[in-house]
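In this text the structure is predicted, and so the values were computed from the model without any measurement. Positions are given from 1, in the same order as the sequence printed here.
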Amino acid sequence: MTGAVVSTVTARDNPLLVRLRRLQHGGTAYRKAGEIWIEGEHLCTALRARGREPLQALVSESAYAQPALRELAHAAPRVTRVSDALFAGVSELPSPAGIGFVVSLPATPALQTDAASIVLDCVQDAGNVGSMLRSASALGFKQVLALEGTAGLWSPKVLRAGMGAHFALDLIEGLSAGDLQALRVPLLAASAHAAQTLHAAALPFPCAWVFGHEGQGIDDAVAARCHMTLRIAQPGGEESLNVAAAAAICLYASRVAA
C-alpha cells in the first residue's frame, strides 16, 4: 500500500462529486474537463496493467472495507471515501462498482500512416463503439480513427463497453474524410451489397477497415477512398449484421489472412 492521502466526503455537493456527475452525464464532457472517469475493478486494474496512473480514486465505504479494492484505490495519490449512497449518486451502473479512478485525458497521438487501423465513420451507438475497440485491440489493430459524428471515444458508456481496450490503443477523434488521405495503407469496407465476398478476397495487411453509421452505412466520400468493398456471406439469410459484429468478423479475417 502506498502513501496515498485519504479523505472522507459526506456532502453531495462536494466539488469532486459534482465534477464526476458532469463527466458521467455528458457524452463528450471529458473533452472540456481534460479528464475521464473510469468505474469498476476491471477498468481500474486494466489502466494500471498498461502502466497508466490515476489522478484520484473514489471509493465507497463498503468497497474500501475489502482489502483488494482498498489496495487498488491506494494506487492513486489521493483517495476519497464516500458512503455507498453518495457513490451510487455518481455511478450510472444499476449496481455501482464501488471504486473508480479519475484519469487525465490522454494526449491525442500523432496519426500513424502505416498502422493497422479501424476508421469509425459516424458510428453513434456507444456500445458498438466500445465493442469495436475491444475487437481492434484483441486482433492487433492498434490505431482507431474516429470521424466527426462518432460517439465520444472516452465517454463513460464507450469506456465500459471497451472493457480496458482503450488503454492499449492509439485513439484519434474528430477527424474528417480528408484526413484519411494521410494513410498509406489500403482502406477496406464491408457492405451487404458488394459483389465480392470477404472469405474469397485476398486481404492486404496492414490495412484500415472502415465501419459506418448503424443505419446509413459509410459516407459516400469515405467509401470512394476504399480500395476494396466486401460482403460478409450470411447463409442464414439475415439482411445485415450489427456493425460491431461485422467489425469483429472483418478484423479477424484480416489477421488470419496476414
Side-chain angles (χ1 to χ4, degrees), residues 27-32 105-137 139-155 157-159 161-162 165-166 169-196 198 201-232 240-255:
T28 58
Y30 63 87
R31 295 175 185 167
K32 183 177 180 180
L105 178 66
T108 300
L111 190 152
Q112 301 297 312
T113 59
D114 295 323
S117 309
I118 66 170
V119 178
L120 306 181
D121 178 19
C122 210
V123 183
Q124 296 185 335
D125 181 84
N128 283 336
V129 172
S131 179
M132 294 160 82
L133 266 57
R134 289 182 70 186
S135 295
S137 178
L139 294 166
F141 286 74
K142 294 300 185 183
Q143 181 170 249
V144 178
L145 307 176
L147 304 189
E148 291 182 2
T150 297
L153 298 186
W154 294 99
S155 67
K157 290 181 179 179
V158 175
L159 277 161
H166 287 71
L169 297 167
D170 289 335
L171 307 180
I172 306 175
E173 57 183 356
L175 299 174
S176 67
D179 292 321
L180 301 180
Q181 289 181 343
L183 292 175
R184 295 190 293 187
V185 295
L187 272 66
L188 310 181
S191 171
H193 308 293
Q196 188 175 13
L198 175 69
L203 299 175
F205 193 85
C207 64
W209 273 99
V210 184
F211 304 104
H213 183 276
E214 289 83 353
Q216 301 169 8
I218 299 169
D219 181 79
D220 290 343
V222 177
R225 299 177 184 276
C226 292
H227 174 71
M228 303 173 72
T229 301
L230 304 166
R231 173 171 52 86
I232 299 171
S240 63
L241 289 169
N242 169 273
V243 66
I249 292 169
C250 292
L251 300 185
Y252 179 77
S254 285
R255 291 316 308 252

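- Considering only heavy atoms from C-beta on, Glu148 stays 4.5 Å or farther from Glu173 through its side chain.
- Residues Ala223 and Ile218 approach most closely at N-CG2, 3.6 Å, considering heavy atoms.
- Using a 4.5 Å heavy-atom cutoff, the side chains of Cys250 and Leu198 are in contact.
- For Ala116 against Phe205, the heavy-atom pair with the smallest separation is CB-CZ, 3.7 Å.
- Put simply, the side chain of Arg255 gets close to the backbone of Leu139: a donor and an acceptor are under 3.5 Å apart.
- Interatomic distance, CG of Leu169 versus CG of Leu153, reported as 9.5 Å (0.5 Å rounding).
- In this structure, Ala161 and Ala126 approach most closely via the heavy-atom pair CB-O, 4.1 Å.
- Around the NZ atom of Lys157, the shell of radius 6.0 Å holds no more than 12 heavy atoms that belong to other residues, nucleotides or ligands.
- The backbone N or O of Cys122 sits less than 3.5 Å from a side-chain atom of Thr150, completing a donor-acceptor pair.
- With rounding to the nearest 0.5 angstrom, the CG atom of Leu133 is 13.0 Å from the CZ atom of Phe141.
- Leu230 places a side-chain heavy atom less than 4.5 Å from the side chain of Leu203.
- Here the side chains of Lys142 and Gln112 are not in contact, with every heavy-atom distance at 4.5 Å or above.
- Within the 4.5 Å cutoff, no side-chain heavy atoms of Cys207 are placed close to those of Leu187.
- Contact of the His213 side chain with the Gln124 side chain is registered, since non-hydrogen atoms from C-beta on lie closer than 4.5 Å.
- Contact of the Ser254 side chain with the Trp209 side chain is registered, since non-hydrogen atoms from C-beta on lie closer than 4.5 Å.
- Of the possible polar contacts, one joining the Asp121 side chain to the Asp219 backbone as a donor-acceptor pair under 3.5 Å is found.
- Under a 3.5 Å cut-off, the side chain of Gln143 and the backbone N or O of Asp170 do not form any donor-acceptor pair.
- Between Trp154 and His166, the ring planes are tilted. Angles from 30° to 60° get that label.
- Looking at Arg184 and Asp114, a side-chain N of the basic residue comes within less than 4.0 Å of a carboxylate O on the acidic one, giving a salt bridge.
- Nearest heavy-atom pair, Met228 versus Ala201, reported as atom, atom and distance to 0.1 Å: CE-CB, 3.8 Å.
- Using modelled atom types, no side-chain atom of Tyr252 and backbone atom of Ser135 make a donor-acceptor pair closer than 3.5 Å.
- Considering CG of Leu111 and OG1 of Thr108, their distance stands at 11.0 Å, rounded to 0.5 Å.
- Heavy atoms only, all atoms of each residue included: Val119 and Ala208 are closest at CG2-CB, 4.4 Å.
- The minimum heavy-atom distance linking Ser176 with Leu147 is given by the pair O-CD2, 3.7 Å.
- The distance from the CD1 atom of Ile172 to the CG atom of Asp179 is 9.0 Å, given to the nearest 0.5 Å.
- By the 4.5 Å heavy-atom criterion applied to side chains, Leu120 and Leu145 are not counted as neighbours.
- A side-chain donor-acceptor contact under 3.5 Å links Ser117 to the backbone of Ala115.
- Glu214 and Asn128 are linked by a side-chain donor-acceptor pair at a separation below 3.5 angstrom, with hydrogens and angles left out of the test.
- In this structure, Gln196 CD and Thr229 OG1 are separated by 9.5 Å, a value rounded to the nearest 0.5 Å.
- Atom OG of residue Ser155 and atom CZ of residue Arg31 lie 9.0 Å apart, to the nearest 0.5 angstrom.
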